[in-house]
Amino acid sequence: MSISKYDYKRILTVQDISCVGQCSLTVALPILSACGVETAVIPSAVLSTHTAGFKGFTFRDLTGDMPLILEHWLREGIKFDGMYTGYLGSETQIDYCIEIAAKTLKDGALLIVDPAMADNGVLYKGFDNDFVKAMRKLVGKADLAVPNLTEACFLTGNDYRETYDKDYIRKVCADLLALGAKKVVLTGIGFEEGFTGVFVSDGRSEYYYRHEKLPGGCHGTGDVYASAFSGALMRGKTVEEAAAIAADYTVLCIKNTMGDKDHWYGVKFEPVLPALADMLK
Ligand code: PXL
């Protein structure tokens, strides 16, 4: 096998570890590694499982470790080419993420924010309006904000709709950009029966990538998408290319999981990781 040479980048991802459930760090770390990107992590909390469907999960908050980790990294002069934030557990963690980004990102590095906090019109268990308000600040610092439509509506105060036209989506994007985000990658946006897609806008230009809509929702697809998107960006793909690659990979993951009733808690993303690596060649 030949050794492939490319611009090798280091990304930091900050999110929880759900020990079982195929989401957050147990998805981000393998996907970013498969993309060929050095990945550093800050686990913001450790849960026995994710919170969407399991009962009685444990939750160990690691907020107190975040400033200590940052202090050590500053002493070591550790810097990153990118930072990707996912599910965070509190307003304080959001503030630490803003500080970590300000102090550890190299010039020109990208801050990618997935405001993982809601889906299907409702906030996940444990989140409230104060958290949404704090998340607006982090989204405002993002080079790339990667929300689904529910998250985008909570962030901007727009009514969540199941059906809509392009002008509604343009308004939601404009309101996200008004928070300060430089570019928005809105996931799960469908204008036609049987299709969904990704809508990308920076207020000057827009791009829409349509893909198959598969029946039934799968938990964890937002984390799969944001991880693959971040990995593809770190591999030098354009935002539009990365948005499309991440969509194609997420569809593959869902197809690989559909029909397995025992696997309701996440997507079987591992068997199709080689396809993601191929898309980045
Ligand atoms: O997939 C997002 C996610 C991440 N981490 C935890 C969650 C969820 C969604 O419910 O509960 C702990």
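Everything numeric here is computed off the predicted structure, so don't read it as measured data. Start at 1 and go down the list; that is how both ligands and their atoms are numbered.
- Donor-acceptor pairing under 3.5 Å is lacking for the side chains of D114 and Q15.
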For this session: Dump the intermediate steps for side chain to side chain donor-acceptor pair (under 3.5 Å) on D223 and Q22, then the final yes or no.
Result: CA-CA 9 Å; D223 298 350; Q22 285 171 311; over 6 Å; no

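- Geometrically, ligand 1 and T51 share a nitrogen or oxygen pair separated by less than 3.5 Å.
- When the options D260, T257, N256 are evaluated for a side chain to side chain donor-acceptor pair (under 3.5 Å) with K268, the one that passes is D260.
- For the pair M135 and L155, the minimum side-chain heavy-atom distance is below 4.5 Å.
- The closest protein non-hydrogen atom to atom 12 (C) of ligand 1 is S18 OG, 3.3 Å.
- Of the listed options F57, Y87, F127, Y265, Y87 places a heavy atom closest to atom 3 (C) of ligand 1.
- Within the 4.5 Å cutoff, the side chain of I245 has no heavy atoms near those of the D248 side chain.
- Scanning the protein heavy atoms around atom 9 (C) of ligand 1, the nearest turns out to be H219 NE2, 3.3 Å.
- The closest approach between S24 and ligand 1 falls below 4.0 Å for a heavy atom of the residue.
- Every atom of ligand 1 is numbered from 1 in the order shown, and the set under 4.0 Å from a heavy atom of C23 is 1 (O), 4 (C), 5 (N).
- The distance from ligand 1 to the heavy atoms of A52 drops below 4.0 Å at these ligand atoms: 10 (O).
- Protein heavy atom in closest approach to atom 1 (O) of ligand 1: D223 OD2, 2.7 Å.
- With hydrogens left out, the protein atom closest to atom 5 (N) of ligand 1 is D16 OD1, 2.8 Å, a heavy atom.
- Residues T196 and H211 are in side-chain contact: their nearest non-hydrogen atoms beyond the backbone lie under 4.5 Å apart.
- Listed here is the closest heavy atom pair of Y164 and G190: OH-N, 3.1 Å.
- If you number the atoms of ligand 1 from 1 as listed, the ones under 4.0 Å from a heavy atom of H50 come out as 6 (C), 7 (C), 11 (O), 12 (C).
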